[in-house]
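Chain letters run A, B, ... following the sequence lines, proteins first, then strands; residues in each count from 1.
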Number of protein chains: 2
Amino acid sequence: AGAFKIRGASNAILSLSRDELLKGIATHSSGNHAQAVALAASRRNAKAYIVMPKNSSSVKVEAVKGYGGEITWSDPDLCSREDTLDLVKNQTGATFVHPYDDDRIIAGQSTCMQEFLEQTNNELDAVFAPIGGGGLMSGTALAVKHFSPEVEVYGAEPRLAGDAYEAVKLGKWVPAKPPTTVADGLRTALGRRNFEIIHKEVMEIFLVEEEEILDAMRLIWERMKIIIEPSCAVPVAALIRNKEKFFGKNVGIILSGGNVDLGKLGRYFGN
Amino acid sequence: AGAFKIRGASNAILSLSRDELLKGIATHSSGNHAQAVALAASRRNAKAYIVMPKNSSSVKVEAVKGYGGEITWSDPDLCSREDTLDLVKNQTGATFVHPYDDDRIIAGQSTCMQEFLEQTNNELDAVFAPIGGGGLMSGTALAVKHFSPEVEVYGAEPRLAGDAYEAVKLGKWVPAKPPTTVADGLRTALGRRNFEIIHKEVMEIFLVEEEEILDAMRLIWERMKIIIEPSCAVPVAALIRNKEKFFGKNVGIILSGGNVDLGKLGRYFGN
């Protein structure tokens with residue numbers, strides 16, 4: 001489905017009982033989690049009820065439909081999304097799978113780092129991951145703690161969405177910033193249980209500017225020929241910004257997804 | 001360097017004598033061969049003299065400069081390119097490495113198919129490659145003939161640049177079509193020795209339309225998250241167009257390169 005979210009969604013849906021599966025899975029997401037739930041549900045022949053805000057990108061809407069997801073529209077604000085989700089849950093009895101504030105999701109996302117460690121034969125000195133809701137970051141930190149505790153774990157956020165950075169500084173959860181960063185996958189509010197794990201296990205969180213995100217994205221597109229979305233470029237930008245600190249080290253970066261609307265690339269590359 | 005051309009250029013330059021290396025390598029190319037020669041030459045500490053037409057894309061010009069290539073500008077027509085190259089050769093004594101009509105280049109390009117066969121454990125039934133000058137196609141056919149003669153070898157061309165298709169039908173070399181196809185890497189004239197090999201060893205050449213090329217390119221970008229250039233999408237389009245014929249078969253496609261100007265994506269994706 002073009003992003004790491006399929007890991008968490010698959011794990012969550014594989015852990016449901018037959019009765020739960022019969023009633024289907026519900027979630028709200030404008031992004032990659034929606035596609036992942038739709039795909040993971042279809043693999044178990046279960047229904048996926050996806051609440052999507054009306055302003056979702058058409059590519060992501062089409063992908064959800066393509067995987068057989070049933071879309072219910074909401075307004076873009078979180079209140080309307082949650083209210084619409086409650087309605088869907090009441091009507092269908094479907095099980096809600098939260099995009100990140102859920103232990104099954106965190107465990108699923110952690111498999112990415114587990115594989116990364118295996119594939120690099122324990123040669124990593126450090127790893128960078130992006131922080132949005134915190135599902136991937138908390139899973140990454142737990143995988144390192146379990147399999148290779150000597151690896152240093154770093155998070156990366158856009159300055160415009162630096163709620164995890166701030167929360168860790170203050171030692172308590174803070175709400176999300178206004179959704180302005182180009183890294184749209186990282187605009188979400190940090191999850192409570194994700195915060196607890198990140199606060200305890202992540203060494204440092206680096207902030208990056210919008211221009212650094214787009215420069216890093218362009219670098220990966222041009223030199224590695226891999227399509228990554230802006231959110232995915234955030235840890236790349238963080239490493240470039242802090243390269244002196246990591247000189248001579250083997251640093252891993254988790255590239256988290258590549259779902260971009262090819263019809264709207266002008267905003268990234270100045271077409 | 002972002003394309004298969006580094007294989008041929010490396011092989012050609014590695015086969016030069018020390019005296020030849022001292023005088024440098026010369027070629028004319030507006031595209032990936034230019035970058036490949038510049039990079040391969042720099043690896044042997046040799047000078048690369050690249051004749052590029054004035055209308056070359058800025059991305060490719062910058063890449064050649066980045067690899068240390070010395071650019072001499074020509075007019076876009078083939079006559080001016082060849083005249084300018086003669087001038088450069090006379091002034092420098094550099095060895096000319098043709099982009100494709102050269103046995104060392106063909107041998108270098110053939111290593112792509114050799115690796116492909118190794119990596120797929122001889123499970124391929126057929127393989128598709130694009131045809132421009134014919135370097136990759138002739139190398140691919142020779143590698144199959146040598147290592148796995150049971151594999152069927154197919155070529156793919158834009159209808160607007162279908163000179164190899166026509167040449168094989170007629171049984172004799174024909175000149176290039178006007179350079180109109182979006183697959184700019186395949187606009188070049190077919191090489192004489194490439195034609196001989198293709199005529200003898202390639203089972204069939206498929207033609208595709210411009211729209212099919214862009215659709216195939218978009219599919220690879222969106223679903224595989226790999227950046228490919230239009231020329232590289234031509235064999236993908238050819239397989240999609242002929243999918244019934246290959247139903248149930250293991251078909252390999254050589255993705256030949258991903259050098260696109262990210263500042264000009266609008267022409268592909270309608271930004």
Checklist entry - Arg223(A) versus chain B, heavy atoms under 4.5 Å apart: side chain, backbone, both or neither? => result side chain
Checklist entry - Roughly how far, to the nearest 0.5 Å, is CZ of Phe269(B) from CG of Asp261(A)? => result 11.0 Å
Checklist entry - Any donor-acceptor pair under 3.5 Å linking the side chain of Lys225(A) with the backbone of Ile227(B)? => result no
Item to check | Distance-minimising heavy-atom pair for Leu265(A) and Trp221(B) | outcome: CD1-CZ3, 4.4 Å
